[in-house]
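Structure record follows, encoded as structure tokens.
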Amino acid sequence: MHAVILAAGEGSRMGGATADVPKAFMDLAGRTLYERQRAAIDPHTESVTVVLGHAYENVQDRVGDARTVVLEDWDDYENAESLRRGLQGVDDDVLVVNGDVVVTDGVIARLRARHAVRDGRNVVACLPGRQAEATAIRCDDRGRVTDYGLITGRRHAGVGVLDRSNLDAARDWLAAHRREWYPGLYTAVETEATVIQSAHHIEINYPRDRIAARGKLPLNPRDELDVGT
């Protein structure tokens, strides 16, 4: 499996913390989000692409063994374009990770396991409960994604798996929606949602999220991960 980390954005809501680095390279309790992501991802993937944009020149030497794709025009597009470019040249199942999200390696293992038995479907993680404050996913009674956006539903957790057989369809959708949020493709290419517990997930959108995240670290809860769909 190949991982694509979407780290092109500025994270302007974070103020000075991202003035000189992408949000994924912001410090979080002594380690960057990127370092924490790689710790969870690396046991489950064979290779990694990092899509950079804002302040890329300050972090290109900090990506380790990852392939880098640079969007110098990152502020002209939304993250659909980041993912489209990150998928170029990839011929494998793809773990997609938002640059401002950290999950446990147990979440990655769960996604891989669910994907392995879903016969060519994509799998996307979401958080339990229904909310309307952040982008959300709605599903039919079989757990297949039917709608995505600023809607009432289960919050998109910022991580998912694209099946290799769907990559051409995903690229086509992304090319037609370059100024939109990439998870919209989950409504166009058959995708199943799987629920993960909030204790296994951190997302940094605002300074208050960064403060709250410190209280969840280290992110290795003992509670049961499998909460069903």
Side-chain angles (χ1 to χ4, degrees), residues 1-71 74 79 82-83 85-87 90 92-112 124-125 127 156-162 182 196-223 225:
M1 181 171 286
H2 186 89
V4 174
I5 300 175
L6 304 177
E10 179 181 4
S12 59
R13 291 176 293 190
M14 296 304 301
T18 58
D20 300 318
V21 295
K23 187 160 53 168
F25 291 83
M26 176 182 64
D27 178 79
L28 180 61
R31 300 174 71 188
T32 65
L33 273 70
Y34 177 75
E35 289 170 327
R36 295 183 183 278
Q37 288 172 330
R38 290 296 302 267
I41 290 168
D42 285 357
H44 306 282
T45 57
E46 289 72 49
S47 52
V48 177
T49 291
V50 182
V51 183
L52 300 173
H54 165 68
Y56 70 89
E57 65 277 5
N58 295 333
V59 297
Q60 276 187 300
D61 61 349
R62 296 165 59 183
V63 301
D65 60 354
R67 177 183 73 135
T68 58
V69 173
V70 175
L71 275 70
W74 61 272
N79 56 23
S82 291
L83 181 55
R85 297 198 201 179
L87 292 178
V90 176
D92 199 353
D93 299 325
V94 178
L95 176 71
V96 182
V97 184
N98 290 5
D100 56 3
V101 165
V102 179
V103 295
T104 63
D105 65 343
V107 167
I108 306 301
R110 174 173 169 76
L111 286 170
R112 290 204 65 175
V124 61
L127 300 178
H156 176 230
V159 59
V161 176
L162 293 178
Y182 79 86
I196 64 171
Q197 287 185 356
S198 299
H200 293 258
H201 174 271
I202 288 172
E203 183 172 355
I204 309 294
N205 288 313
Y206 299 94
R208 64 175 180 269
D209 298 328
R210 190 181 184 195
I211 295 169
R214 292 172 184 148
K216 295 179 71 172
L217 296 171
L219 197 61
N220 55 356
R222 298 179 181 178
D223 54 314
L225 177 60

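Worth saying up front: this structure is predicted, and the values here are computed from it rather than measured.
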Separation of [Y] [atom2] from [X] [atom1] (nearest 0.5 Å):
| X | Y | atom1 | atom2 | result |
| --- | --- | --- | --- | --- |
| H2 | T45 | NE2 | OG1 | 8.5 Å |
| E46 | L95 | CD | CG | 11.0 Å |
| I108 | R112 | CD1 | CZ | 10.0 Å |
| N98 | L83 | CG | CG | 9.5 Å |
| H201 | I196 | NE2 | CD1 | 5.5 Å |
| L87 | D92 | CG | CG | 11.5 Å |

Determine whether [X] and [Y] make a side-chain contact, defined as any pair of heavy atoms from C-beta on separated by less than 4.5 Å.
| X | Y | answer |
| --- | --- | --- |
| M26 | R210 | yes |
| L28 | R214 | yes |
| V48 | Q37 | no |
| V161 | M1 | yes |
| L217 | R36 | yes |
| E203 | V101 | yes |

Least distance between heavy atoms, [X] atom then [Y] atom:
| X | Y | answer |
| --- | --- | --- |
| A39 | R31 | CB-NH2, 3.8 Å |
| V50 | A66 | CG2-CB, 3.7 Å |
| A213 | I204 | CB-CD1, 3.8 Å |
| P22 | A55 | CD-O, 4.2 Å |

message: According to ring pair (Phe, Tyr, Trp, His ring centres under 6.0 Å), who are the partners of Y34, at least two apart in sequence or on a separate chain?
response: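 Listed in chain order: F25.
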message: So, using salt bridge (Lys or Arg N to Asp or Glu O under 4.0 Å) as the criterion, who are the partners of R85 when residues are at least two apart?
response: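 Salt bridge (Lys or Arg N to Asp or Glu O under 4.0 Å) list for R85, sorted by chain: D73, E81.
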Residue pairs, two or more places apart or on separate chains, that pass side-chain hydrogen bond (donor to acceptor under 3.5 Å, both in side chains) and touch [range]:
| range | answer |
| --- | --- |
| residues 16-28 | K23-D100 |
| residues 6-17 | R13-Y206 |
| residues 51-66 | R38-D65, Y56-E72 |

message: Among residues at least two apart in sequence or on other chains, which ones pass side-chain hydrogen bond (donor to acceptor under 3.5 Å, both in side chains) with D209?
response: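 side-chain hydrogen bond (donor to acceptor under 3.5 Å, both in side chains) list for D209, sorted by chain: empty.
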task: Could you walk me through whether T32 and V21 pass the side chain to side chain contact (heavy atoms under 4.5 Å, CB included) test, one step at a time?
output: CA-CA 11 Å; T32 65; V21 295; over 6 Å; no
query: For Y182, does its backbone N or O pair with a side-chain atom of N79 as donor and acceptor, under 3.5 Å?
result: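 Confirmed, N79 side chain pairs with Y182 backbone.
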